[in-house]
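One structure below.
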Amino acid sequence: MSYWNAASRRTERALAALLLYLLGAGPLTAQEAETNLFGSLQAIFFTQKSRITLNTPLPDGTTTLTEERNSFAIQQLDIFLQRQIDDNFSAFVDMEYQLNYSSEHRWGSMSLQEAWLQYSHSDAFNVKLGLLYPAFNHLNEIKNRLALLPYIFRPGVYERLLSNLYRSEDYIPEHAFVQLSGAVPSGDFFWDWAVYVGNAEDSYISRTDADGNIRQDMDRKFEFLSGVDPTNADLKLIGGRTGFRSRTEHFKVGLSFTHDYDNLRDTTRYPMFFTRPRAEFRGDARRMRLGADLSGSVGGVRFEGEFINVFYDYDLADQAGFDMNLTFAHGMLGYWFTDKLFTYGSAEFGTGTFDKGWSHSSLSFGASYLLNSAISAKAQFIVHEQRHDEDEDRAMLKFVFLGLSVLL
Amino acid sequence: MNIGRKIVHRAMLAALLLCAPLALRAQMVVITHASVPVKSISVRELLDVYTLNQSRWDDGTRITVVDVKSGKGRDAFFEYIGMSPEEMQRIWLRKQFTGKARPPRSVGSEEDVVDLVAATEGAIGYVNERALKSGKSVRIIARFK
């Protein structure tokens, strides 16, 4: 444990040193400066009421569990640095702090989400190198820019507060390392394209479980390296997105695709309430994600929709008759009542994660009001339900979120 | 007869008064740095430039987009390219926060726009024609009201 704590501290110090270096790199806010510092902060208060109904009684005979919780939190703070190095090269850094981050108290987290260098040959051809959010559907590239989103609680697979429920990487490619992309004008539209490669999912790197304990269930061949992805080339992520976007940015549609491998040795995450073990397969499962996105605005109406289907090709599961495929769908319909007030309703549905019969759905209503050019007041009401069809267990959660989003 | 003339005169006066705001509406111009290799620009091209979808001129020079913080000229410009200022702000923020583009340089007055465009290679801005100063080397590439 002490080794990992020391490594964690070294990482934090390196990030802090990088921040100090970049802060000292030159004037940061004036338009004349070549380096810009900006950010996104979201502070929230939420109240949660949960009710779990179990068809099979617990040992003490309980069939219904309830819980009520209220909390304040700095949900997320992202600090961005952007530097236009010359006409062709630019660099970008995103450092993220979550949930009242404190290394002293060991809660929350601090992470480097993006750090890349871009070579821009033209608007039709750009190359990004480094840690980056790859193009996948509509939300993946802006998933942690909370001050730009109307939501407090993002669609499930993008919401870090649900990390106990979803493994986001099972549904979306969280990071890549090389991306080629561009936008080519075509009539009233741009044709957007992007292709990228990256590591296999993060769990191949991690040697610790969610509680910080060293995991004992890993494949030995992966244990001689730490801190880097030890997998060979055929397990890596490849993916891309293609789509059309109107020149007014009022309409956007696209298809996304990835191919990589899922580390089934990582058994640290289960569905939140129904703690059945995940599928008992310990290996590298070939995985393909397919995504479709549609978003746009007509007058004051705004709509967004995403669909994700994850297909697995894994002989052991096939032989056992186990369906590992995952589905996630999300839709939002909103209306700008004024230039400042946006209201919306959204719905989502998903199946997985590796627990046959388990599914979940959410309904959400919310509003966002621009207090000024930098501050938004937000409110959101969510009803989230999880079901297990085989034994008819149910969990119902109701959330009320109040929040303030600030552009820094 | 006199009554008839008076009615006609009053009607003409009323028509003049009604038309005056249109006639007095400022002539706006889109300007670039003198070295920019463009003689005219269409509304669609302006839209691409101000939505930050076009980042370079034909000779490869990077475009520096200049915007004025507020004013009737700003409203007229966004109306001309068919966007609302709020929509544009959201587009700029999204591009800035994803590292795809830098937002326009925003200055406080039209005089500042002229100064910045004249001093910055590849720059483009919009101003009331009256704000143009002699001795400032800018090129007019579009006119609108």
Side-chain angles (χ1 to χ4, degrees), chain A residues 30-32 34 36 38-40 78 80-84 86-88 90-94 114 116-118 120-124 126 128 132-133 135 140-142 144-149 181 183 185 187-188 190 192 245-250 297 300 302 336 338-340 342 370 373-374 407, chain B residues 42-70 75 78 81-108 112-113 115-117 119-123 125:
Chain A
Q31 285 291 340
E32 294 75 20
E34 292 301 316
N36 288 293
F38 47 97
S40 163
D78 283 88
F80 303 95
L81 290 146
Q82 190 269 347
R83 184 175 178 90
Q84 190 67 47
D86 63 19
D87 276 359
N88 295 107
S90 61
F92 188 86
V93 174
D94 169 9
E114 293 192 85
W116 45 258
L117 175 71
Q118 177 167 271
S120 177
H121 177 268
S122 66
D123 295 320
N126 301 282
K128 274 186 193 175
L132 59 95
Y133 284 165
N140 199 42
E141 288 177 287
I142 54 172
N144 72 339
R145 279 64 165 169
L146 289 176
L148 303 187
L149 302 175
S181 66
D188 289 333
F190 287 101
D192 292 323
R245 174 169 49 95
S246 69
R247 291 176 104 120
T248 56
E249 308 254 347
H250 286 158
S297 305
R302 169 83 189 159
W336 287 95
T338 69
D339 292 336
K340 297 179 183 300
F342 182 71
L370 281 170
S373 62
L407 292 167
Chain B
S42 67
V43 172
R44 176 186 273 182
E45 289 166 328
L46 267 179
L47 181 65
D48 289 349
V49 168
Y50 270 83
T51 51
L52 310 178
N53 284 314
Q54 181 182 336
S55 65
R56 294 167 191 274
W57 298 112
D58 288 344
D59 66 352
T61 309
R62 184 164 280 278
I63 298 174
T64 299
V65 180
V66 181
D67 185 36
V68 68
K69 281 182 178 153
S70 60
D75 296 339
F78 287 125
I81 62 173
M83 301 290 282
S84 74
E86 293 78 19
E87 280 179 307
M88 291 300 279
Q89 192 65 36
R90 287 195 287 272
I91 291 169
W92 292 341
L93 283 171
R94 195 167 64 242
K95 303 219 168 180
Q96 177 188 7
F97 275 71
T98 49
K100 288 183 175 167
R102 296 179 70 191
R105 295 187 178 189
S106 186
V107 296
D112 293 340
V113 173
D115 290 342
L116 186 55
V117 170
T120 310
E121 192 179 355

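A note on names: the letters A, B, ... follow the listed sequences, proteins ahead of strands, and every chain is numbered from 1.
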Quick one: what part of A:Asn126 sits under 4.5 Å from any heavy atom of chain B, side chain, backbone, both or neither? neither
Could you tell me the separation between the CZ atom of B:Arg56 and the CG atom of A:Asp87, rounded to the nearest 0.5 Å? 6.0 Å
Among the listed options A:Pro185, A:Ser181, A:Ser90, A:Gly39, the residue most often paired with chain B at heavy-atom distances under 4.5 Å: A:Gly39
Supply the atom-to-atom distance A:Arg247 CZ to B:Ile81 CD1, rounded to the nearest 0.5 angstrom. 13.0 Å
What distance do A:Leu148 atom CG and B:Thr98 atom OG1 have between them, rounded to the nearest 0.5 Å? 8.5 Å
Full working for side chain to side chain contact (heavy atoms under 4.5 Å, CB included) between B:Thr51 and A:Thr248: CA-CA 8 Å; B:Thr51 51; A:Thr248 56; over 6 Å; no
For the atom pair NZ (B:Lys100) and CD (A:Gln118), what is the distance rounded to the nearest 0.5 Å? 9.5 Å
Could you check B:Met83 against A:His250 for side chain to side chain contact (heavy atoms under 4.5 Å, CB included), going step by step and ending with a plain yes or no? CA-CA 10 Å; B:Met83 301 290 282; A:His250 286 158; 4.2 Å; yes
Chi angles and distances behind the side chain to side chain contact (heavy atoms under 4.5 Å, CB included) call for A:Gln82, B:Arg102: CA-CA 9 Å; A:Gln82 190 269 347; B:Arg102 296 179 70 191; 3.6 Å; yes
Crowding at CG, B:Asp59 (>12 non-hydrogen neighbours, <6.0 Å): yes
When rounded to the nearest 0.5 Å, the distance separating NZ of B:Lys95 from CD1 of A:Ile142 is 12.0 Å
Side chain, backbone, both or neither of A:Phe190 within contact of chain B (heavy atoms, under 4.5 Å): side chain
B:Arg44/A:Asp188 salt bridge by N-O under 4.0 Å criterion: yes
For a quick test of reading the model, state the closest non-hydrogen atom pair linking B:Phe97 to A:Ser40 and the distance between them. CE2-CB, 4.1 Å
Does the side chain to side chain contact (heavy atoms under 4.5 Å, CB included) test come out yes or no for A:Leu370 and B:Glu86, once each step is laid out? CA-CA 11 Å; A:Leu370 281 170; B:Glu86 293 78 19; over 6 Å; no
Which region of B:Asp48, side chain (C-beta onward) or backbone (N, CA, C, O), has a non-hydrogen atom less than 4.5 Å from a non-hydrogen atom of chain A, or is it both or neither? side chain
Heavy-atom distances under 4.5 Å only: say whether B:Glu87 touches chain A with side chain, backbone, both or neither. side chain
Which bit of A:Gln84 comes within less than 4.5 Å of chain B, counting heavy atoms only: side chain, backbone, both or neither? side chain
Please classify the contact between B:Leu93 and chain A as side chain, backbone, both or neither, with a heavy-atom cut-off of under 4.5 Å. both
Non-hydrogen atoms of chain B under 4.5 Å away: do they reach the side chain of A:Ser297, the backbone, both or neither? neither
Indicate yes or no: does A:Glu249 engage B:Arg90 in a salt bridge with an N to O separation below 4.0 Å. no
For the candidates B:Arg94, B:Arg62, B:Gln54, which exhibits the highest count of non-hydrogen atom pairs separated by less than 4.5 Å from chain A? B:Arg62
